[in-house]
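Okay, so here's the structure we're looking at.
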Amino acid sequence: MNQSQPKNLIYGKLFLISVILLLLNDFFFKYYFHNYLTGKLSDFVGLFAFPYFISLLFKSKIKPIYILTGILFLFWKSSLSQSVIDYLNGVGIGINRVVDYSDFIALLVLPFSYRYRKQNSIGWNYYIRLDKKMREYVC
């Protein structure tokens, strides 16, 4: 890891906020406010946080992780995954989900998460150098 790259990407502010929101939503908000918003919130913050976290484990595979996350989300949220869910329930692993194709709107968060991940991996020194070059050019 070069010096311009942050050492603790796990502490990215938006990542931490999304994880906190996901936990609050899944363990508190859904039970007290069970509505459309709490359902969508989990999808949005989950799709922001999950590929970001996995890409921290496999740093050279950032783009494929984001693409695979989108594909798996489409599969999971569709009726195509019902046989997998039935099998898991049959072997004692209780899983349920609601097929709601409007959940696909949450896929819109993936490019923002990807860009945030890529910007954090570049590091702030890059932006400081870029700012210095721009000031030299303008002045």
Side-chain angles (χ1 to χ4, degrees):
M1 184 177 294
N2 64 38
Q3 286 185 333
S4 68
Q5 203 171 36
K7 292 181 177 76
N8 296 313
L9 291 173
I10 194 83
Y11 298 116
K13 288 178 187 174
L14 291 180
F15 170 69
L16 291 176
I17 289 169
S18 66
V19 170
I20 290 168
L21 269 175
L22 183 64
L23 293 172
L24 282 172
N25 191 54
D26 286 354
F27 294 110
F28 178 74
F29 298 151
K30 280 186 178 181
Y31 295 104
Y32 287 98
F33 307 110
H34 189 72
N35 60 31
Y36 180 82
L37 180 62
T38 58
K40 297 297 178 249
L41 183 59
S42 287
D43 294 336
F44 275 92
V45 296
L47 280 173
F48 187 92
F50 178 76
Y52 182 97
F53 177 73
I54 298 300
S55 71
L56 295 176
L57 303 174
F58 304 98
K59 292 177 175 77
S60 65
K61 305 288 185 205
I62 297 172
K63 191 177 220 174
I65 287 168
Y66 275 85
I67 292 169
L68 187 59
T69 298
I71 292 168
L72 290 174
F73 184 80
L74 286 169
F75 173 75
W76 180 253
K77 291 292 187 167
S78 74
S79 58
L80 296 172
S81 63
Q82 190 58 48
S83 60
V84 173
I85 292 169
D86 291 342
Y87 171 77
L88 292 172
N89 285 327
V91 296
I93 300 172
I95 293 181
N96 56 29
R97 60 104 179 86
V98 175
V99 174
D100 180 1
Y101 293 107
S102 70
D103 289 345
F104 292 169
I105 189 97
L107 289 168
L108 293 172
V109 81
L110 280 176
F112 296 104
S113 176
Y114 177 76
R115 184 170 183 187
Y116 180 69
R117 173 63 175 89
K118 292 294 281 185
Q119 284 178 341
N120 280 346
S121 66
I122 292 171
W124 288 107
N125 287 342
Y126 170 80
Y127 293 105
I128 292 168
R129 286 192 312 270
L130 183 62
D131 181 53
K132 183 178 176 184
K133 287 179 184 178
M134 289 176 70
R135 278 187 275 139
E136 289 172 357
Y137 178 76
V138 172
C139 295

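The analysis underlying the following values was restricted to heavy atoms, covering all of them including side chains, and did not include hydrogens, waters or symmetry mates.
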L107 vs L74, side chain to side chain contact (heavy atoms under 4.5 Å, CB included): CA-CA, chis, key distance, verdict: CA-CA 9 Å; L107 289 168; L74 286 169; 3.5 Å; yes
Side chain to side chain contact (heavy atoms under 4.5 Å, CB included) assessment of K61 paired with I54: CA-CA 9 Å; K61 305 288 185 205; I54 298 300; over 6 Å; no
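At a threshold of 4.5 Å between non-hydrogen side-chain atoms, the residues R117 and K59 count as touching. Side-chain contact check for L47 versus S113: every heavy-atom pair is 4.5 Å or farther apart. Within the 4.5 Å cutoff, the side chain of I65 has no heavy atoms near those of the L57 side chain. Counting heavy atoms from C-beta on, the side chains of N25 and V45 never come closer than 4.5 Å. Between L16 and K13 the shortest side-chain heavy-atom distance does not fall below 4.5 Å. Annotation: side chain of T38 is not in contact with side chain of Y31 (no heavy-atom distance under 4.5 Å).
Taken together through direct or relayed side-chain contacts under 4.5 Å among Ile, Leu, Val, Met, Phe, Trp and Tyr, L88 and L80 form part of one hydrophobic cluster. Residues F104 and L110 fall within the same hydrophobic cluster, defined by Ile, Leu, Val, Met, Phe, Trp and Tyr side chains chained together at heavy-atom separations under 4.5 Å. Taken together through direct or relayed side-chain contacts under 4.5 Å among Ile, Leu, Val, Met, Phe, Trp and Tyr, L108 and I67 form parts of separate hydrophobic clusters. In the hydrophobic clustering of ILVMFWY residues, with side-chain heavy atoms under 4.5 Å counting as a link, L72 and V84 come out apart. If you chain together hydrophobic residues whose side chains sit under 4.5 Å apart, F27 and I20 never meet in one group.
Every salt bridge (charged side-chain N to carboxylate O under 4.0 Å, His left out) that K40 has, sequence neighbours left out, goes to D100, D103. When the ring pair (Phe, Tyr, Trp, His ring centres under 6.0 Å) test is applied to Y114, the partners found at least two apart in sequence or on another chain are Y66. Qualifying salt bridge (charged side-chain N to carboxylate O under 4.0 Å, His left out) partners for D43, counting only residues two or more places apart in sequence or in other chains: K77.
The two residues T69 and P51 come nearest to each other via the heavy atoms OG1-CB, 3.6 Å. Counting all heavy atoms, side chain and backbone alike, N89 lies closest to G94 at OD1-CA, 3.3 Å.
Under a 3.5 Å cut-off, the side chain of S55 and the backbone N or O of I62 do not form any donor-acceptor pair. When atom types are taken as modelled, the side chain of R97 and the backbone of S78 share a donor-acceptor pair closer than 3.5 angstrom.
Taking the six-membered ring where tryptophan is involved, the planes of F15 and Y52 are essentially parallel, since the angle between them stays under 30° and well short of 60°.
Within a 6.0 Å sphere centred on OH of Y101, heavy atoms belonging to other residues, nucleotides or ligands number more than 12. Atom OH of Y87 sits in a sparse spot, with 12 or fewer heavy atoms from other residues, nucleotides or ligands closer than 6.0 Å. A 6.0 Å sphere centred on OH of Y116 holds more than 12 heavy atoms belonging to other residues, nucleotides or ligands. Within 6.0 Å of atom CZ in F75, more than 12 heavy atoms from other residues, nucleotides or ligands are found, so the atom counts as buried in its surroundings.
Rounding to the nearest 0.5 Å places CZ of F53 at 14.5 Å from CZ of F48. The CG atom of L41 lies 8.5 Å from the CG atom of D26; values are rounded to the nearest 0.5 Å.
Aromatic ring centres of F50 and F73: separated by at least 6.0 Å.
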